[in-house]
Amino acid sequence: MIIIRFENGGGIQVNKNRLFATKEAAEESIPKAKPKPVVAQQRGYRSPYDYWH
């Protein structure tokens, strides 16, 4: 664990694997979300929370 101190006296603890040399390296480590396939809405079952809109 590494402690990052702020000028106002506060600080946070982070793991070494959460620190990156550049912003670009940090952005590359974020997994990309896969787009969800479009699925037609089911007509047979209706939840009680599906109001008549």
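These numbers come from the heavy atoms of this one structure, side chains and all, not from hydrogens, waters or symmetry mates.
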Other members of the hydrophobic cluster containing I3, with the 4.5 Å side-chain heavy-atom rule, please.
none

Around K34, counting heavy atoms of other residues, nucleotides and ligands shown, do more than 12 lie under 6.0 Å from its NZ?
no

Can you check whether I2 reaches Q13 side chain to side chain, under 4.5 Å on heavy atoms?
no

Under a single-linkage definition using a 4.5 Å side-chain heavy-atom cutoff for Ile, Leu, Val, Met, Phe, Trp and Tyr, are V14 and F6 assigned to the same hydrophobic cluster?
yes

Looking only at atom types and distance, does a side-chain atom of N8 sit under 3.5 Å from a main-chain N or O of G10, one as donor and one as acceptor?
yes

Just so I know, are the side chains of M1 and N15 near enough to count as touching, which here means a heavy-atom distance under 4.5 Å?
yes

Quick one: pull up CZ in R18 and CD1 in I4 and give me the separation to the nearest 0.5 Å.
11.0 Å

